[in-house]
Protein chains: 2
Amino acid sequence: MSVTIKDIAKLANVSHTTVSRALNDSPLINQETKERIQQLAANLNYTPNYSAKSLVLDRSYNLGLFFSTLHTGTSAGFLYEAVKGVNDVIQDQYNLIVRGIDDYKSFQKINRKSFDGIMVMSQSSSDQPFIEYVTERDIPLVVLNRQIDAIPVMNLIPDDLRGAFRVVEYLINQGHRDIAIIEGKENFKSTQARREGYMEAMNQYNVTVREEYKVQGNYDVESGYAAMARLLTLDLTPTAVFCCNDEMALGAIKAINEKQLSVPGDISVVGFDDQLFSAFVTPALTTVRRPIEEISREGAAKLLTFIENKQVDKETIFIRTELIIRDSVKTIAGGA
Amino acid sequence: MSVTIKDIAKLANVSHTTVSRALNDSPLINQETKERIQQLAANLNYTPNYSAKSLVLDRSYNLGLFFSTLHTGTSAGFLYEAVKGVNDVIQDQYNLIVRGIDDYKSFQKINRKSFDGIMVMSQSSSDQPFIEYVTERDIPLVVLNRQIDAIPVMNLIPDDLRGAFRVVEYLINQGHRDIAIIEGKENFKSTQARREGYMEAMNQYNVTVREEYKVQGNYDVESGYAAMARLLTLDLTPTAVFCCNDEMALGAIKAINEKQLSVPGDISVVGFDDQLFSAFVTPALTTVRRPIEEISREGAAKLLTFIENKQVDKETIFIRTELIIRDSVKTIAGGA
DNA sequence: ATGTTCGTTGTTAACGTGTGCAGCTGTATG
DNA sequence: CATACAGCTGCACACGTTAACAACGAACAT
C-alpha cells in the first residue's frame with residue numbers, strides 16, 4: 001500500500017526511529033545519514049500518516065471555523081471574507097474545517113482531540129451554548145464578530161457602535177434631521193450596537209429621534225423593502241434612512257424607486273457592511289466597511305499563537321470600521 | 001485526561017474489547033452488557049479519539065472541498081452556495097475542509113490517509129494538475145462546475161451552453177438584433193460554453209454577429225464596467241448586452257447610467273448566475289440561475305456513495321440552468 | 001588503564017482503537 | 001454421555017508514529 005517509515009528503514013538499513021529522526025530534522029542524528037534518508041523518502045514519495053502522528057502527538061492539525069448557521073442570516077460575503085482571511089494565515093499547516101453550528105445534532109465530535117483550535121464567527125446569542133461547550137473543554141478558542149460578556153474569551157469584534165455613529169454623523173453634517181433607522185435582526189448584538197451608534201449621534205447633535213422612525217428589519221433584503229414601505233406611509237417621511245446593513249439598503253432603495261421617488265434625490269440611504277456589490281448598485285451606496293477579513297485574519301493569528309504557547313489571554317479587541325462615502329446621500333439645506 | 005475505552009472497561013469490569021463492541025453496536029455482545037456499557041460511557045461523557053479510529057480503520061472522516069482559488073475569480077455567492085450545498089448532505093459524520101488549491105505550496109498533505117474523498121469546485125484549467133494528482137492517488141473524487149475531458153472523472157456541471165442559449169434567445173424574441181456579449185475570464189471553460197450558447201442562438205435565429213460586439217471581461221464588476229464603456233464608444237451601439245455573469249452586468253449598468261442612458265429604456269442588459277443581489281438591483285436583473293447549490297449537493301451525495309461502495313463510476317452530469325426573467329430587458333419593435 | 005563524555009543508533013513502549021482467534025459456558029443434538 | 005454448536009468474552013496484536021532509555025564505539029581526561 002502506501003510507504004511508511006518502516007519501509008524506508010528497511011531500505012536504508014537503519015531502524016525506523018532513525019528514519020523518524022531524519023524526517024523531523026532531529027539534532028540527534030548524523031548529518032549524512034539524515035540527508036541520505038531524506039533523499040530516499042523523497043524518491044519513494046513518502047507522505048506521513050497524519051492519523052498516526054495525531055495519535056501520538058496529541059494534535060489533530062484541524063482548525064474549526066464555525067458560523068452560527070449557514071442557512072439564513074449569514075450573507076455570502078460574510079462567509080467569503082471570513083474563509084479568505086483565515087486561509088491567508090494558516091498556510092498549509094492546518095486543515096480548515098468550515099461548518100454551521102446548527103449542522104451538528106450533538107457536539108460529540110467537537111473535542112480537544114479533533115480540534116487544535118476553534119474560531120467561532122458568531123452572529124447571534126444562539127451559539128452561546130456552543131461557545132460555553134468549547135470553553136469547558138479547554139479547546140483554544142477565539143470568538144469573532146459578536147461581543148461575548150457572559151464568559152471570558154478571546155474576542156475580536158468590529159467597532160459597530162462607532163461605525164454607526166460616524167455614518168449618522170455624516171448624514172447630520174449633510175443637513176439631514178429627519179433620519180430613520182431600519183434595524184437588524186432582533187437580539188443580534190450588532191443590531192443593538194448600531195442602534196446605539198445612531199442614538200448617540202442623534203443625541204450628541206441634538207437631533208430629535210422620532211419613535212416612528214425606528215423600524216425593525218432582520219438583515220435580509222425583503223425586510224429592508226418592507227420596512228421602507230412602512231416608512232413611506234408616514235405623514236412626514238424621513239429625508240434619510242440609516243439601514244443597518246447593505247442588503248436592507250438594497251431593499252429600501254427598491255421600495256423608494258417603486259414609489260417613483262429617487263435616491264438620493266428625494267431620500268438619502270446609507271448602509272452598513274460594504275458588501276461587494278455596494279459599490280456598483282445605482283446609486284453607489286454610502287456605507288460602513290466592516291472589517292471581517294481583518295478580523296478573521298487577526299483571529300486566526302491569535303489562535304495559532306494560543307495553540308503554540310498553550311496559553312490564552314482573554315481580551316476584547318475592537319477592529320476599526322471605516323466610513324465609505326459614495327453617491328447615495330444628498331447634501332441639503334444647512335449641510336456642509 | 002480524557003476518558004478512553006480502557007477506563008470504561010475497568011469501571012465495567014470487562015475488557016476494552018467488549019467496550020469497543022458495545023459502542024460500535026456489534027452483534028457479538030450480550031444485549032444487557034451492551035446497554036450497561038453504553039449508559040456508562042454516556043455518563044462519563046466519553047468521546048472516541050478519532051485519530052486512533054482513523055489509524056486503525058484507515059478512514060480520516062475528512063472531506064475536502066477545494067476551490068481553484070479563494071483570492072480572485074471566486075465570487076462570494078459561489079463559495080456560499082457550494083459550502084451550503086455540501087453541508088446539507090454530509091451531516092455531522094464528516095469534517096468538511098474548505099481550501100483554495102493555490103493555498104498549498106505542495107500537495108504533500110493531500111493523500112488517501114488524510115482525505116476520504118475530495119470535491120473540486122473547479123473554475124479554471126489551472127487546477128488540472130491538482131485533479132490529476134488526486135486521481136493518481138485513487139482518492140474518491142468529484143469535480144464540480146467545470147467540464148473535464150482530459151481524464152475520466154465524476155463530473156457535475158451546469159448546462160451553461162443551454163442557459164446562455166436561452167437567455168440570448170429570449171433577447172431575440174423580445175425583438176433585439178444588435179446584441180453584444182461581454183465575455184468572462186479567458187480560458188475558463190464556462191466563458192467558452194456561454195460564448196457558444198450566444199453564438200448558437202444568434203446563428204439559429206439568423207442574427208448577424210458583429211465582431212466588435214464581442215468584448216472581453218474577466219468576471220469582475222470593474223471589467224464589466226470597462227467593457228461596457230468600450231461598447232458605448234461604438235458608432236452603432238447595441239440594443240442589448242449579454243453579460244457572462246451578474247457582477248459584470250452590474251458594472252455594465254453603471255457604465256450605461258453614467259452616460260445618462262437608462263436600462264432597459266435605452267439598452268437592455270442580461271446576466272448569468274443569479275447572484276443574491278440580482279433581484280434587488282434597479283432594474284432587477286434578468287439572468288440565468290446557475291444551480292451551484294444543487295451541483296454541490298448532488299456532488300456530495302455522489303461522493304459519499306463512492307466512499308461507501310469503494311467504487312467510482314465516472315460520468316458527466318449536466319445540471320439544468322434556469323432562465324430568470326425580471327425587469328432589465330425591454331421589448332422592442334418586432335418583439336413578442 | 002580506567003572512567004567519563006559525546007555522538008549516534010537501536011530497543012521498546014506508548015498513543016487509543018478495532019479484530020482474528022482462542023477459550024469458556026451452557027444448551028441442543030446425536 | 002459425548003459431541004457439536006451457539007453465544008459471549010478476553011487475549012494479543014495491529015495500525016504508523018514519537019520518545020524515553022539503553023547501548024555502543026570513539027574520543028578524551030584523569
Side-chain angles (χ1 to χ4, degrees), chain A residues 1-38 40-41 44-62 93 95 108-109 111-116 137, chain B residues 1-38 40-41 44-62 93 95 108-109 111-116 137:
Chain A
M1 213 59 197
S2 49
V3 33
T4 73
I5 55 172
K6 292 191 180 176
D7 299 331
I8 301 179
K10 257 177 210 152
L11 291 172
N13 263 321
V14 294
S15 75
H16 72 276
T17 308
T18 303
V19 176
S20 171
R21 282 196 268 255
L23 298 176
N24 289 322
D25 240 358
S26 160
L28 303 173
I29 189 178
N30 178 286
Q31 186 64 27
E32 281 175 32
T33 49
K34 179 192 287 188
E35 281 166 13
R36 182 166 61 94
I37 291 174
Q38 286 177 344
L40 186 53
L44 292 173
N45 249 321
Y46 167 78
T47 59
N49 182 319
Y50 278 89
S51 301
K53 268 179 118 89
S54 295
L55 183 58
V56 55
L57 293 180
D58 200 22
R59 307 189 59 202
S60 61
Y61 300 97
N62 286 340
Q93 198 181 359
N95 290 320
Q108 210 223 28
K109 276 252 170 75
N111 54 61
R112 254 210 93 95
K113 305 283 181 190
S114 298
F115 289 93
D116 288 348
R137 269 152 196 79
Chain B
M1 212 58 197
S2 48
V3 31
T4 74
I5 56 171
K6 292 192 181 177
D7 299 330
I8 301 180
K10 258 179 210 151
L11 291 172
N13 262 322
V14 293
S15 74
H16 76 276
T17 308
T18 303
V19 177
S20 171
R21 283 197 267 255
L23 298 176
N24 289 323
D25 241 357
S26 161
L28 304 173
I29 189 176
N30 179 286
Q31 186 64 26
E32 282 175 33
T33 48
K34 179 193 287 187
E35 281 165 13
R36 183 167 59 93
I37 291 173
Q38 286 177 344
L40 185 54
L44 292 173
N45 250 321
Y46 167 77
T47 59
N49 182 319
Y50 279 89
S51 300
K53 269 179 118 85
S54 296
L55 182 57
V56 56
L57 293 180
D58 201 21
R59 307 190 58 202
S60 62
Y61 300 97
N62 286 339
Q93 198 181 0
N95 290 320
Q108 210 223 28
K109 275 254 170 74
N111 54 62
R112 253 210 94 95
K113 305 283 180 191
S114 298
F115 289 93
D116 287 349
R137 269 152 197 78

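Letters A, B, ... mirror the listed sequences (proteins, then strands); counts begin at 1.
In this structure, CD of A:Glu32 is placed 15 Å from C1' of C:dT9, rounded to the nearest angstrom. A straight line from CG of A:Asp7 to P of D:dG16 spans 8 Å, rounded to a whole angstrom. Atom C1' of nucleotide D:dG10 and atom NZ of B:Lys10 are separated by 16 Å, given to the nearest angstrom. Put simply, CG on A:Leu55 is 9 Å from P on C:dC15, counting in whole angstrom units. As a whole-Å value, the separation of A:Asn49 CG from D:dT17 C1' is 8 Å. As rounded to whole Å, 11 Å separates atom P of D:dT18 from atom CD1 of A:Ile8. Separating the NZ atom of A:Lys113 from the C1' atom of C:dG16 is a distance of 9 Å, rounded to the nearest angstrom. Separating the CD atom of A:Gln31 from the C1' atom of C:dT9 is a distance of 16 Å, rounded to the nearest angstrom.
Between C:dT17 and B:Ser20, no contact under 4.0 Å exists linking OP1 or OP2 to a side-chain N or O. Phosphate proximity of D:dT17 to A:Tyr46: present, with a side-chain N or O under 4.0 Å from OP1 or OP2. When the side-chain nitrogen and oxygen atoms of A:Thr18 are compared with OP1 and OP2 of C:dT9, none of them lie within a distance under 4.0 Å. Between C:dG18 and B:Lys53, a contact under 4.0 Å exists linking OP1 or OP2 to a side-chain N or O.
The minimum heavy-atom distance between B:Lys53 and B:Pro48, with the atom names listed, is CD-CB, 4.2 Å. Taking each heavy atom of A:Arg112 and A:Arg137 in turn, the nearest pair found is CG-O, 3.5 Å.
Using a 4.0 Å heavy-atom distance criterion, B:Thr33 is classed as a sugar-phosphate-only contact.
The backbone N or O of B:Ser114 sits less than 3.5 Å from a side-chain atom of B:Ser60, completing a donor-acceptor pair. Panel note: side chain B:Asp58, backbone B:Leu55; no donor-acceptor pair is recorded below 3.5 Å. In this structure, the side chain of B:Gln108 does not engage the main chain of A:Thr47 through any donor-acceptor pair within 3.5 Å.
With hydrogens and angles left out, the side chain of A:Thr17 and the base of C:dT11 share a donor-acceptor pair within 3.5 Å. Contact annotation: side chain of A:Thr4 to base of D:dC15, donor-acceptor pair absent below 3.5 Å.
Judged by closest nucleotide on DNA chain D, B:Ser15 is the one of A:Ile5 and B:Ser15 placed further toward the 5' end. For the pair A:His16 and A:Asn30, both in contact range of DNA chain C, the more 5′-proximal nearest nucleotide belongs to A:Asn30.
Figure legend: cation-pi geometry between A:Lys109 and A:Phe115 absent, as NZ or CZ is not positioned both under 6.0 Å from the six-membered ring centre and within 45° of its axis.
Between B:Leu40 and B:Val19 the shortest side-chain heavy-atom distance does not fall below 4.5 Å.
The B:Leu57 side chain lies nearest to C:dT19 when the options are D:dG16, C:dT19, C:dG16. Between D:dG10, D:dT17, C:dG10, one nucleotide has an atom nearer to the side chain of A:Lys6 than all others, and that is D:dT17. The side chain of B:Val56 has C:dT17 as its nearest neighbour among D:dT18, C:dT9, C:dT17. When the nucleotides C:dT17, D:dT17, C:dG16 are ranked by their closest atom to the side chain of A:Pro48, D:dT17 comes out on top.
Applying the side-chain contact (heavy atoms from CB on, under 4.5 Å) test between A:Ile8 and each of A:Ile37, A:Val14, A:Thr18 identifies A:Ile37 as the sole match.
A heavy atom lying under 4.0 Å from DNA chain D marks the following residues of residues 21-29 of chain B, by number: B:Arg21, B:Leu28, B:Ile29.
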